[in-house]
Amino acid sequence: MKTCGAMRRTKTIGTARRGREMNSPFSTRSSIAEGMRQALRREFACPEEHLCSVTASESGEPGFGDMASSSAMGLAKVLRVPPGRIASVMADGLSGLPFVGGVTVDGPGFVNITLSNGYLSSVATRLAREGLAGMLCECGPRGKAMVEFVSSNPTGPLTVGHCRQAVLGDAISRLLSAVGWTVSREYYFNDAGRQMDRLAESLAARCDQLRGGSMPVPEGGYQGDYILDWARDLLVNEPGISWPDDRERFREAATGRAFDLIKSDLELLDICFDRYFAESELIPGPVEEAIERLDRAGLTYPDPDGSGKLWLKLTELGRPEDRVVRRAGGGYTYRMPDIAYHLDKFSRGYDLLVDVFGSDHIDTCRDVEAAVTALLGVERVKRTMRTVIHQFVTLSRGGETVKMSTRSGEFVTLRDLVSEVGSPDVTRFLFLTRRAEAHMDFDLAVARKDSDENPVFYIQYAFARIGGILRIAGDRFRDTDPAQAADLLREPRERALLRLLEALPVRVSEAAEDMAPHRITDTASELATAFHGFYTQHKVMDEGNPPLTRARMLLCLACREGLKGLLEVLGISAPERM
RNA sequence: GCGCCCGUAGCUCAGUUGGAUAGAGCAACGGACUUCUAAUCCGUAGGUCACAGGUUCGAAUCCUGUCGGGCGUACCA
């Protein structure tokens with residue numbers, strides 16, 4: 001059964017509202033698929049289970065039309081009919097559709113579809129008028145989604161590693177809201193564990209040292225210079241503070257300062273959260289409740305050594321090892337509150353829960369998923385929970401690797417990174433050009449040196465060029481008749497641009513479905529390339545030829561909205577002039 | 001040792017979920033400003049898709065093995 005991918009996508013497209021048939025890329029795709037399926041049903045009595053994989057997608061080569069389907073080859077064996085014949089039946093199913101300009105059957109059994117110019121122009125008109133956001137309205141509304149990301153413990157400034165996650169999580173959030181989800185961003189932090197004790201003690205040690213004492217930074221504590229700053233400030237306000245009597249005060253002060261840092265770091269990238277969720281909110285109530293539920297499900301057992309430790313039977317859930325969830329002293333290991341936190345998220349009625357984690361959390365996150373699945377059921381968890389795990393960033397400066405460790409205090413902070421790269425736009429973009437699962441090398445020297453010939457500027461420049469044209473044209477050529485544009489925009493560059501513009505909403509929707517923002521950076525670059533190519537070859541403003549000018553203005557306006565929409569999804573600015 | 005991720009042009013990476021001749025950007029080389037912005041465009045060159053098998057009409061993509069890199073493998077988070 002090879003249904004899943006196609007089914008999922010078809011469902012997405014199927015949510016398109018009716019009544020916009022003539023200029024909706026979503027309806028167009030579902031009509032094309034349905035046309036081909038109908039023909040197959042009629043001609044071959046083709047079983048439904050095979051029909052759902054019959055689709056058409058953007059074709060790679062311009063020579064093979066705008067869209068192509070390779071489904072005939074797959075059906076050949078099932079139907080015991082040569083693929084060429086199946087393809088021509090599928091092609092017949094498309095005749096008469098208004099947005100289809102031509103259909104051919106090529107090669108062993110490809111159906112190649114050319115979209116009509118009239119249709120492409122009407123989509124461009126709609127894009128110019130409603131913007132990309134307007135086109136994407138058809139996807140929603142989709143319900144409530146929550147994206148959890150960063151979730152770094154408040155022990156110091158954010159580093160380069162967090163930067164990738166921050167940018168990724170924010171872009172995924174933007175993508176989801178672009179296609180109709182109501183998104184909230186949540187930051188979860190562990191303030192109840194031992195790390196925070198170590199941080200408090202590290203701060204106390206620095207205070208003591210400033211007063212001439214000799215209290216050492218604890219084993220496994222935090223050495224970073226920023227803690228010295230905190231210590232200085234703390235002593236100004238509370239000169240008499242002492243360790244361990246004022247343990248809680250040190251803790252509060254450290255947490256507060258750490259969050260100030262983190263929030264201001266995130267602000268640099270224009271990222272903010274709807275909620276910061278503290279682990280301590282779950283202790284003890286919800287965590288004990290979660291343990292009880294696991295207990296009732298027969299998934300816990302006390303350590304046979306009688307020490308009072310509580311184990312979770314993860315091996316019964318298909319995981320490699322059982323884990324301790326409550327220590328002998330009564331404290332919890334980090335997995336347990338994490339499970340309780342996820343149960344809490346589920347209980348808040350979200351339709352989609354996205355976790356963005358670094359690859360160092362893979363093990364924990366699979367354990368949490370297993371536990372939650374055991375309590376809530378496979379169906380529900382599969383339906384609502386999605387995990388994006390990204391690989392690490394290795395940072396280098398001119399080819400030399402920079403080693404990083406938060407505790408030792410050797411790292412490049414997000415703040416340093418953004419200021420060294422010189423622009424939040426460039427930082428965002430560079431982090432988003434790679435897919436999450438791929439390792440990533442980030443060479444600071446290159447990022448800075450190239451900032452003149454950066455892909456970001458390339459895209460922004462396309463937008464600014466359109467701005468230039470619009471400033472000169474004013475409102476003179478704004479009212480374009482789509483039918484006339486369809487007749488006039490026939491140069492290869494114009495056609496290529498129209499075709500790409502038509503595909504934008506679908507690409508965004510698919511990127512959202514797969515939570516893959518890197519496809520948006522790709523598409524934005526592609527659109528900029530298509531526009532620069534058009535711009536260089538054809539003059540838009542021609543006072544002697546108002547109809548052609550109007551038609552090309554339409555192209556510019558649609559392209560402008562396309563670029564603006566894509567940059568918005570990426571969280572990157574779209575400057576009117578450069 | 002075991003688990004997860006990755007290996008594609010000199011470098012950094014895409015590759016429409018198994019389709020047609022594997023693509024961009026940098027870097028290299030050669031061209032284009034009397035034009036709505038040259039932060040641009042056009043052209044050339046660059047590949048045993050880590051390696052070896054397998055699955056089938058068809059594999060960079062799926063399965064197995066090998067090699068190489070990253071991350072895990074805590075009663076840290």
Legend entry - Pairwise C1' distance for B/rA28 and B/rC11, with rounding to whole Å: 12 Å

Legend entry - Euclidean distance for P, B/rU64 against B/rG18 (whole angstrom): 16 Å

Legend entry - Pairwise P distance, B/rC36 and B/rA45 [rounded to whole Å]: 34 Å

Legend entry - Presence of A/R194 side-chain N/O under 4.0 Å of B/rC76 phosphate oxygens OP1/OP2: yes

Legend entry - Nucleotide B/rG3, atom C1' - distance to CD1 of A/I362 in whole Å: 9 Å

Legend entry - Nearest-angstrom distance, P atom, B/rU55 to B/rC41: 47 Å

Inset, instruction - Measure from CZ on A/F429 to P on B/rA39 and round the result to the nearest Å. - result: 19 Å

Inset, instruction - Check every strand shown and say whether A/E321 touches a base, only sugar-phosphate, or nothing at a heavy-atom separation below 4.0 Å. - result: sugar-phosphate

Inset, instruction - Please work out if A/R577 contacts a base, only the sugar-phosphate, or nothing of the nucleic acid, heavy-atom cut-off 4.0 Å. - result: base

Legend entry - Flag for A/D355-A/T387: side-chain donor and acceptor within less than 3.5 Å: no

Legend entry - A/K77 side-chain N/O to B/rU56 phosphate OP1/OP2 under 4.0 Å: no

Inset, instruction - Would you mind checking if A/R478 and A/D475 are paired as a salt bridge, meaning a charged N to carboxylate O distance below 4.0 Å? - result: yes

Inset, instruction - Would you mind reading off the distance between A/L430 atom CG and B/rC11 atom P, rounded to a whole angstrom? - result: 19 Å

Inset, instruction - Please state whether the phosphate of B/rC76, meaning OP1 or OP2, lies under 4.0 angstrom from any side-chain nitrogen or oxygen of A/R198. - result: no

Legend entry - B/rC62 to B/rG19 separation - C1' atoms, rounded to the nearest Å: 14 Å

Inset, instruction - Quick one: list whatever passes ring-ring contact (aromatic ring centres under 6.0 Å, His included) with A/F429, sequence neighbours left out. - result: none

Might you list the N or O atoms of the protein lying below 3.5 Å from N or O atoms in nucleotides 49-51 of chain B, with each pair's distance?
none

Legend entry - Span that lies between the C1' atom of B/rC26 and that of B/rG46, in whole angstrom: 13 Å

Legend entry - Strand partner of B/rG1, provided both Watson-Crick or wobble distances fall under 3.5 Å: B/rU73

Legend entry - Whole angstrom value for the distance that separates P of B/rG70 from CZ of A/F357: 24 Å

Legend entry - Residue-level proximity of residues 531-543 of chain A to RNA chain B when a heavy atom falls under 4.0 Å: A/H532, A/Y535, A/T536, A/H538, A/K539, A/V540, A/M541

Legend entry - Distance, P atom - from B/rA14 to B/rC67, rounded to whole angstrom: 26 Å

Legend entry - Within residues 325-335 of chain A: residues closer than 4.0 Å to RNA chain B (heavy atoms): A/R327, A/T333, A/Y334

Legend entry - N or O in side chain of A/Y222 less than 4.0 angstrom from B/rA77 OP1/OP2: no

Legend entry - No-H, no-angle donor-acceptor pair, A/H439 side chain to B/rG69 base, under 3.5 Å: yes

Inset, instruction - Using distance alone, with no hydrogens and no angle criterion, decide if A/D305 and A/S307 have a side-chain donor and acceptor under 3.5 Å apart. - result: yes

Could you list, one pair per line, each protein nitrogen or oxygen that sits under 3.5 Å from a nitrogen or oxygen of nucleotides 59-61 of chain B, together with the distance?
none

Can you give me the N/O atom pairs linking the protein to nucleotides 20-24 of chain B at distances under 3.5 Å, or say none if there are none?
unit_1, atom_1, unit_2, atom_2, d
B/rA20, N6, A/N112, OD1, 2.5
B/rA20, N1, A/N112, OD1, 3.4
B/rA20, N1, A/N112, ND2, 2.9

Inset, instruction - Assign A/G60 to base, sugar-phosphate, or nothing according to its heavy-atom contacts below 4.0 angstrom with the strands shown. - result: base

Inset, instruction - Starting at OG of A/S152, measure out to CZ of A/F189 and round the result to the nearest 0.5 Å. - result: 11.0 Å

Inset, instruction - Find the distance A/I459:CD1 to B/rA39:P and express it as a whole number of Å. - result: 17 Å

Inset, instruction - Quick one: label A/R493 by what it contacts on the DNA or RNA (base, sugar-phosphate, nothing), any heavy atom closer than 4.0 Å. - result: sugar-phosphate

Inset, instruction - Tell me what A/E58 touches on the nucleic acid: a base, only sugar-phosphate, or nothing, going by heavy atoms under 4.0 Å. - result: base

Inset, instruction - Check every strand shown and say whether A/A464 touches a base, only sugar-phosphate, or nothing at a heavy-atom separation below 4.0 Å. - result: base

Legend entry - Distance, P atom - from B/rC2 to B/rU17, rounded to whole angstrom: 34 Å

Inset, instruction - Calculate the interatomic distance between A/H361 atom NE2 and B/rU73 atom P; express it in whole Å. - result: 10 Å

